[in-house]
Amino acid sequence: MHWADRTAQDLARRGDNHTIAAGITPSGEFHIGHIREILTGDMIVRACHDAGMDARLLFIIDSIDPLRKVYPFLHSDYEEYIGYPLYRIPPPDVEGRPDLEAEGNYASHFLNPFLDSLKELGVFPELSWNHEAYESGKFEDAARIFLNNRTEVADLLTEVSGRPIPEGWYPYTPIGHNGSMDGLTVTGWEDPYVLWVDAEGKEGRSHIGTAEGKLPWRLDWPAKWAIHGVTCEPFGKDHAASGGSYSTGRKLVQFLGTNPPHPVPYEWIQLKGQGAMSSSTNVFIGPSEALDLVPPEILRFLISLNKPKKHIEFDTGDLLFKLGEAYDSYVVGYIRNHLELKDGDSSRISNIKQDKNASIRFAQVEHGKMPDKINLRGSFRHLSMLAQIRSNDESVWESMRMYGMIDGEPSENLVLRLHRMRKWIASEHFPEGYRIAIQTSITDDAKQAILIRKDITMDTRIRDYYAALVETYETCKWEYQTLQDAICDYAREYGLDLSEAFKMLYLVHLGQDYGPKLATLLPEIPREHAISALRDAISILDEA
RNA sequence: GGGCCUGUAGCUUAGCCAGGUAGAGCGACGGACUUUUAAUCCGUUGGCCGGGGGUUCAAAUCCCCUCAGGCCCGCCA
């Protein structure tokens with residue numbers, strides 16, 4: 001059974017109405033690690049719906065969290081905002097300076113593009129700005145309970161996390177006169193006020209039913225569970241470690257009279273060769289960046305295919321390419337009914353079929369809709385090749401029609417796919433192994449291969465074949481049929497096996513012994529390039 | 001110190017949670033096809049499922065131990 005369906009099944013034992021929460025601090029650029037959090041939640045919600053339960057996805061934006069430090073992408077002017085709640089900080093401009101004129105705030109600045117990507121991915125969560133929850137007094141009861149039981153809370157934190165809590169600690173982080181949470185010392189608790197003194201010795205007080213302060217993270221989290229009635233929450237493995245915030249949270253929430261949510265810990269997404277994704281170290285790929293290269297269902301597929309606790313080594317080259325191919329092959333299996341359950345299937349086989357089915361189901365942008373058709377197998381790779389050798393879209397469709405891959409006009413989806421593919425190919429992200437590199441002079445590898453062939457056969461047929469083609473290339477019509485005829489006719493004339501002839505030509509033009517249909521490729525490149533590469537090959541054979 | 005993940009064919013891996021003859025892709029090899037879209041089709045090859053012990057009629061799967069690699073426990077998902 002698919003992980004999302006299993007989670008839904010687990011949730012069904014608790015009840016039939018669920019709130020699946022995802023919480024993210026908008027302290028910088030969002031990346032596809034954050035996508036995992038939201039998509040994991042989204043898929044669980046969908047699984048609940050499919051199982052006949054009520055469920056909602058709640059996206060809690062930790063907008064009242066303080067700015068921790070001046071991140072590398074920020075100008076040092078942000079120094080003065082350290083400790084400020086993110087929603088009270090101006091957004092950065094293009095140079096990373098605080099932009100006092102701009103609309104919105106630091107938190108919304110980073111959140112908005114992320115929401116656009118979510119829309120494209122078919123995810124529509126309910127939004128809850130955490131600072132608004134504080135402003136409207138939703139945290140008041142929880143804060144009061146924790147403050148009234150501060151010694152028990154401190155003991156529990158020490159016991160579970162192993163970290164000592166200093167004497168005189170209060171479970172509350174007030175905001176000072178200057179607007180920052182840093183440098184304050186809480187001195188007392190007089191319901192509904194937390195009393196404090198700042199670094200300069202000035203006293204003040206914060207009303208816990210307002211946004212004049214917040215609960216520290218380890219208490220803020222369980223309070224959110226109670227306030228929103230959270231029954232399930234995916235969270236990163238950092239919170240899942242023993243002694244981590246989930247293990248303290250699940251105990252602390254009992255003070256508030258509710259149960260902890262069903263945990264769904266997930267592994268982080270690594271950027272291949274560069275470690276964990278993190279916007280603060282600039283090691284990340286943004287969701288919109290990824291969506292520029294591949295369709296949303298492929299990105300969803302990445303998450304649905306991998307169980308939450310599985311590492312994902314992400315990269316924008318090979319991995320995405322393989323993912324695209326895998327997606328297509330799953331869909332082909334689905335459409336051809338290979339994934340239908342049969343009576344004779346062993347439990348192992350039926351499990352695999354179910355999982356594949358579900359991986360496709362959760363990958364769809366539109367919930368409840370399954371793909372109804374797709375081009376023939378290998379279409380992802382195929383498209384990448386067509387996009388490289390056919391510079392205008394219409395000739396791509398023409399080629400696909402000719403081979404029966406589409407009827408009439410391409411679907412909107414396919415058009416989008418092609419355009420993304422073109423962007424990808426034009427970018428540095430496209431995997432080199434799939435790039436068609438047209439040679440104007442012969443490569444060393446090709447040289448070796450050609451000489452070896454000569455040594456084995458001891459004849460000049462290849463040389464003569466090349467020479468005949470050069471002659472033709474110089475004057476012939478530079479188009480498909482002429483070239484195709486020339487290549488094949490001369491091959492026959494010089495007694496060459498057709499596949500051998502093609503191999504020898506691929507070596508010359510591409511530096512490898514395979515490739516796309518040559519007569520289609522050649523008209524896309526300047527005639528002189530083809531000729532110079534062939535001349536190169538001839539002179540090598542003459543010298544040998 | 002604690003927690004989590006990974007270890008299955010030359011390579012990438014599915015299967016493990018609900019135990020029932022080890023599955024796929026790529027590669028390699030052989031064959032068919034030939035004006036070849038990184039082809040296609042058919043076939044072959046290849047695994048003491050990291051190691052050891054236990055539970056069971058039956059273990060890749062459950063339990064214990066062990067080895068190797070990766071990650072997390074300072075509010076970075």
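Small disclaimer: the values here were computed from a predicted structure and weren't measured. Reckoned from all heavy atoms, side chains included, excluding hydrogens, waters and symmetry mates. Order of the sequence lines fixes the chain letters, A, B, ..., with proteins taken first and strands second; residue numbering starts at 1 for each chain.
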Exercise for review: Mind checking A:Lys69 for me? I need base, sugar-phosphate or nothing, with any heavy atom below 4.0 Å counting as a touch.
Suggested key: nothing

Point to revise | Gap in Å between the two C1' atoms, one belonging to B:G20 and one to B:C62, rounded | key: 14 Å

Check your understanding: Can a salt bridge be assigned to the pair A:Asp355 and A:Lys307 using a cut-off of 4.0 Å between side-chain N and carboxylate O?
Key -> no

Check your understanding: Taking the same atom, C1', in B:C16 and in B:G50, what whole-Å distance lies between them?
Key -> 16 Å

**Study point:** Atom P, compared across B:G47 and B:U35: separation rounded to whole Å
**Key:** 40 Å

Exercise for review: Would you indicate, yes or no, if B:A14 has its OP1 or OP2 atom less than 4.0 angstrom from a side-chain nitrogen or oxygen of A:Lys310?
Suggested key: yes

Practice item. Identify which nucleotide among B:U35, B:G15, B:C75 has an atom closest to any side-chain atom of A:Ile352, counting heavy atoms from C-beta outward. Key: B:G15

Review point. How long is the gap from CD on A:Glu325 to CD1 on A:Ile298, to the nearest 0.5 Å?
Key: 10.0 Å

Review point. Starting at CG of A:Asp328 and ending at P of B:A38, how long is that distance when rounded to a whole Å?
Key: 15 Å

Exercise for review: Using the P atom on both, measure B:U44 against B:A24 and round to a whole Å.
Suggested key: 11 Å

Review point. Just how far, in rounded Å, is P of B:G70 from CE of A:Met277?
Key: 20 Å

Exercise for review: Return yes if some donor-acceptor pair links the side-chain N/O of A:Tyr78 with the main-chain N/O of A:Gly96 below 3.5 Å, else return no.
Suggested key: no

Exercise for review: Taking only Lys NZ, Arg NE, NH1 and NH2, and the carboxylate oxygens of Asp or Glu, determine whether A:Asp489 and A:Arg492 approach each other closer than 4.0 Å.
Suggested key: yes

Exercise for review: Taking atom P in both B:U13 and B:U56, compute the distance separating them and give it to the nearest angstrom.
Suggested key: 36 Å

Check your understanding: What is the nucleic acid contact for A:Leu521, judged by heavy atoms within less than 4.0 Å: base, sugar-phosphate only, or nothing?
Key -> nothing

Review point. Among the nucleotides B:C4, B:C72, B:A77, which one has an atom lying closest to any side-chain atom of A:Thr25?
Key: B:A77

Exercise for review: Could you tell me whether A:Ser27 contacts a base, only the sugar-phosphate backbone, or nothing, with contacts defined as non-hydrogen atoms closer than 4.0 Å?
Suggested key: nothing

Practice item. Just compare B:A38, B:C75, B:U35 and give me whichever is closest to any side-chain atom of A:Met385. Key: B:A38

Point to revise | Separation of the C1' atoms in B:G52 and B:A59, to the nearest angstrom | key: 15 Å

Exercise for review: Measure from the side-chain heavy atoms of A:Leu498 and tell me the nearest of B:A77, B:U34, B:A18.
Suggested key: B:U34

Check your understanding: Under 30°, 30 to 60°, or over 60°: which ring-plane class applies to A:Trp217 and A:Trp221, parallel, tilted or perpendicular?
Key -> parallel

Exercise for review: Look at the side chain of A:Trp268 and decide which nucleotide, out of B:C17, B:C72, B:C75, has an atom nearest to it.
Suggested key: B:C72

Check your understanding: Taking OP1 and OP2 of B:A14, is either one under 4.0 Å from a side-chain nitrogen or oxygen of A:Asn351?
Key -> no

Practice item. Tell me the partner of B:A59, counting only Watson-Crick (N1-N3 plus N6-O4 or O6-N4) or G-U wobble (N1-O2 and O6-N3) with both under 3.5 Å; none if nothing fits. Key: none

Point to revise | Side chain of A:His34 (C-beta onward), nearest among B:G2, B:C5, B:A77 | key: B:A77

Practice item. Select base, sugar-phosphate, or nothing to describe what A:Ile38 touches, counting heavy atoms under 4.0 Å on all strands. Key: nothing

**Study point:** Whole-Å distance separating the CG atom of A:Leu323 from the C1' atom of B:U13
**Key:** 14 Å

Exercise for review: In whole angstrom, give me the gap between the P atoms of B:U66 and B:A22.
Suggested key: 30 Å

Exercise for review: Side chain of A:Arg163 only, please: which of B:G74, B:A77, B:G70 is the nearest?
Suggested key: B:G74

Practice item. Specify the separation, in whole Å, of atom CD1 of A:Ile312 and atom C1' of B:U13. Key: 15 Å

Practice item. Give the ring-plane orientation class for A:Tyr246 versus A:Phe235, where under 30° counts as parallel, over 60° as perpendicular and anything between as tilted. Key: parallel

Exercise for review: With a 3.5 angstrom cut-off on both distances, give the Watson-Crick or G-U wobble partner of B:C41, or none if there isn't one.
Suggested key: B:G31

Point to revise | Paired nucleotide for B:C71 [Watson-Crick or G-U wobble; both distances under 3.5 Å] | key: B:G3

Review point. Is there a Watson-Crick or G-U wobble partner for B:A9 with both distances under 3.5 Å, and if so, which one is it?
Key: none

Revision key, fill the gap. Rounded to whole Å, OH of A:Tyr506 lies from P of B:A39 at a distance of 10 Å

Check your understanding: Within the structure shown, what part of the strands sits under 4.0 Å from A:His239 by heavy-atom distance: base, sugar-phosphate, or nothing?
Key -> sugar-phosphate

**Study point:** Protein-nucleotide distance (A:Asp485, atom CG; B:U35, atom P), rounded to Å
**Key:** 12 Å

Review point. Got a donor-acceptor pair under 3.5 Å from the side chain of A:Arg435 to the base of B:A38?
Key: no

Review point. Rounded to the nearest Å, what distance is computed from the CD atom of residue A:Glu313 to the P atom of nucleotide B:U12?
Key: 12 Å

Practice item. Output yes when at least one side-chain N/O atom of A:Lys309 is less than 4.0 Å from OP1 or OP2 of B:C5, else no. Key: yes

Check your understanding: When rounded to the nearest Å, what value does the distance between P atoms of B:C72 and B:G53 take?
Key -> 35 Å

Revision key, fill the gap. Rounded to whole Å, the CG-P distance (A:Leu271 to B:C71) equals 14 Å

Exercise for review: State the pairing partner of B:C16; accept Watson-Crick or G-U wobble contacts with both distances under 3.5 Å, and report none otherwise.
Suggested key: none

Check your understanding: Would one find a side-chain N or O of A:His311 under 4.0 angstrom from OP1 or OP2 of B:C71?
Key -> no

Check your understanding: Mind checking whether A:Leu414 and A:Leu418 have side chains closer than 4.5 Å, heavy atoms only?
Key -> no

Check your understanding: For A:Leu518, which contact category applies under a 4.0 Å heavy-atom criterion: base, sugar-phosphate, or nothing?
Key -> nothing

Practice item. Ignoring the backbone of A:Asp238, work out which of B:C17, B:A38, B:C73 is nearest its side chain. Key: B:C73

Review point. Touch check for A:Glu37, heavy atoms < 4.0 angstrom, all strands: base, sugar-phosphate only, or nothing?
Key: sugar-phosphate

**Study point:** Pair A:Phe114-A:Ile38, side-chain contact (heavy atoms from CB on, under 4.5 Å): steps then yes or no
**Key:** CA-CA 11 Å; A:Phe114 184 67; A:Ile38 300 282; 3.9 Å; yes

Check your understanding: Between A:Ile165 and A:Val153, is any pair of side-chain heavy atoms under 4.5 Å apart?
Key -> no

